[in-house]
Amino acid sequence: MRLRRGELADLAAIMTVERASFHGDAWSETAMRAELASPHNHYVVAEQAGRLVGYAGLRAPSGASDADVQTIALDRAVRGSGGGRMLLRALLDEASRRGVREVFLDVRADNPPAQSLYTSEGFLEIGRRPNYYPDGNVDAIVMRLDVPAWAAARASTSPMSENRADVGESDENPPTSGGISDRRSEAGACT
């Protein structure tokens, strides 16, 4: 799996994964276009065998000390292969490059694989939003990551601090379990 910067030309392929991952809660094409075009956002896409199989987005306005993970989604066929971790780390690397101190995200309370991924990268639960998601009265778990601490931990465990995903190599960490598809609310996504 290779990662690269997402762009407007990826919109149709992103929407295919979006609709399959989020069903009745999928963002509109207009909202996703705005996400990709915003100068405050950084989107990455995952490709496998020349096909877009995932994407993730970070909102980190210039000069801001905090940022939000907007969305992470993978095609069902590649879930559990470490792609979610690759996408998340690419976003966190970008947050670190932008001087962000804290990254926040919302994760569905009924998505344990995503929660496990975020916790394994150092995110901590800081609150809940009751009945937040419109498709079944599901709570959102609000999580926060200390970016400098995350970057220091990564640097101390890897002699090569370069993000291998940026150069197209596979993630050396063990795959995550289950399906990673989660996102911050529409309120944070300009819908």
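Quick note: numbers below take in every heavy atom, side chains included, and nothing from hydrogens, waters or symmetry partners.
Counting all heavy atoms, side chain and backbone alike, Q115 lies closest to D110 at NE2-N, 4.2 Å. Between V103 and A95, the shortest heavy-atom contact is CG2-CB, 3.8 Å. Looking at every heavy atom in both residues, A90 comes nearest to L3 through CB-CD1, 3.8 Å. The two residues S21 and L74 make their nearest non-hydrogen contact at OG-O, 3.6 Å. Between P148 and V100 the shortest heavy-atom distance is CD-O, 4.2 Å. Nearest heavy-atom pair, A67 versus L58, reported as atom, atom and distance to 0.1 Å: CB-CD1, 3.9 Å.
Taking the centre and axis of the six-membered ring of Y133, the NZ or CZ atom of R108 falls inside the cone set by 45° and 6.0 Å.
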Decide side chain to side chain contact (heavy atoms under 4.5 Å, CB included) for V142 and R128; before the verdict, give the C-alpha distance in whole Å, the side-chain angles of both, and the deciding distance to 0.1 Å. CA-CA 6 Å; V142 182; R128 287 189 176 239; over 6 Å; no
Pair S28, R33 - check side-chain hydrogen bond (donor to acceptor under 3.5 Å, both in side chains), show working. CA-CA 9 Å; S28 70; R33 180 180 289 111; over 6 Å; no
Stepwise side chain to side chain contact (heavy atoms under 4.5 Å, CB included) check, I141 with F123: CA-CA 11 Å; I141 298 172; F123 279 88; over 6 Å; no
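Checked against M143 for a side chain to side chain contact (heavy atoms under 4.5 Å, CB included), the options I126, L124, L105, D106 give a single hit: L105.
Considering CG of D139 and OH of Y132, their distance stands at 12.0 Å, rounded to 0.5 Å. Note: L145 CG to S96 OG = 10.0 Å, rounded to the nearest 0.5 Å. Here R89 contributes atom CZ and L117 contributes atom CG; the two are 8.5 Å apart, rounded to the nearest 0.5 Å. With rounding to the nearest 0.5 angstrom, the CD1 atom of I72 is 6.5 Å from the CG atom of L87. Atoms CG and CD1, from L8 and I14 in turn, are 9.0 Å apart once rounded to the nearest 0.5 Å. Remark: S81 OG to M1 CE distance equals 3.5 Å, nearest 0.5 Å.
Residues forming a side chain to side chain donor-acceptor pair (under 3.5 Å) with R101 (at least two apart in sequence, or on another chain): none. Residues meeting the side chain to side chain contact (heavy atoms under 4.5 Å, CB included) test with T16, sequence neighbours left out: none. Contacts of R19 classified as side chain to side chain contact (heavy atoms under 4.5 Å, CB included), with partners at least two apart in sequence or in another chain: M15, A26, E29. Annotation: side chain to side chain contact (heavy atoms under 4.5 Å, CB included) contacts of P112 (sequence neighbours excluded): none. Residues satisfying the salt bridge (Lys or Arg N to Asp or Glu O under 4.0 Å) criterion with D146, sequence neighbours excluded, are absent altogether.
By the 4.5 Å heavy-atom criterion applied to side chains, R85 and S120 are counted as neighbours. Between D10 and L52 the shortest side-chain heavy-atom distance falls below 4.5 Å. Between H42 and V44, the closest side-chain pair of non-hydrogen atoms falls below 4.5 Å. Using a 4.5 Å heavy-atom cutoff, the side chains of L36 and Y55 are not in contact. W150 has its side chain within reach of D93: a pair of non-hydrogen atoms, C-beta onward, lies under 4.5 Å apart. When side chains are defined from C-beta on, T71 counts as touching Y43, because their heavy atoms get closer than 4.5 Å. You'll find the side chain of V78 reaches within 4.5 Å of the side chain of Q48, heavy atoms only.
Taking the charged nitrogens against the carboxylate oxygens, R59 and E35 do have a contact shorter than 4.0 Å, which makes a salt bridge.
Counting only distance, with no hydrogens or angles, the side chain of T119 and the backbone of S116 share no donor-acceptor pair below 3.5 Å. In this structure, E18 contributes its side chain and W27 its backbone to a donor-acceptor pair below 3.5 Å.
The stretch residues 37-52 participates, sequence neighbours left out, in these salt bridge (Lys or Arg N to Asp or Glu O under 4.0 Å) pairs: R4-E47, R51-D75.
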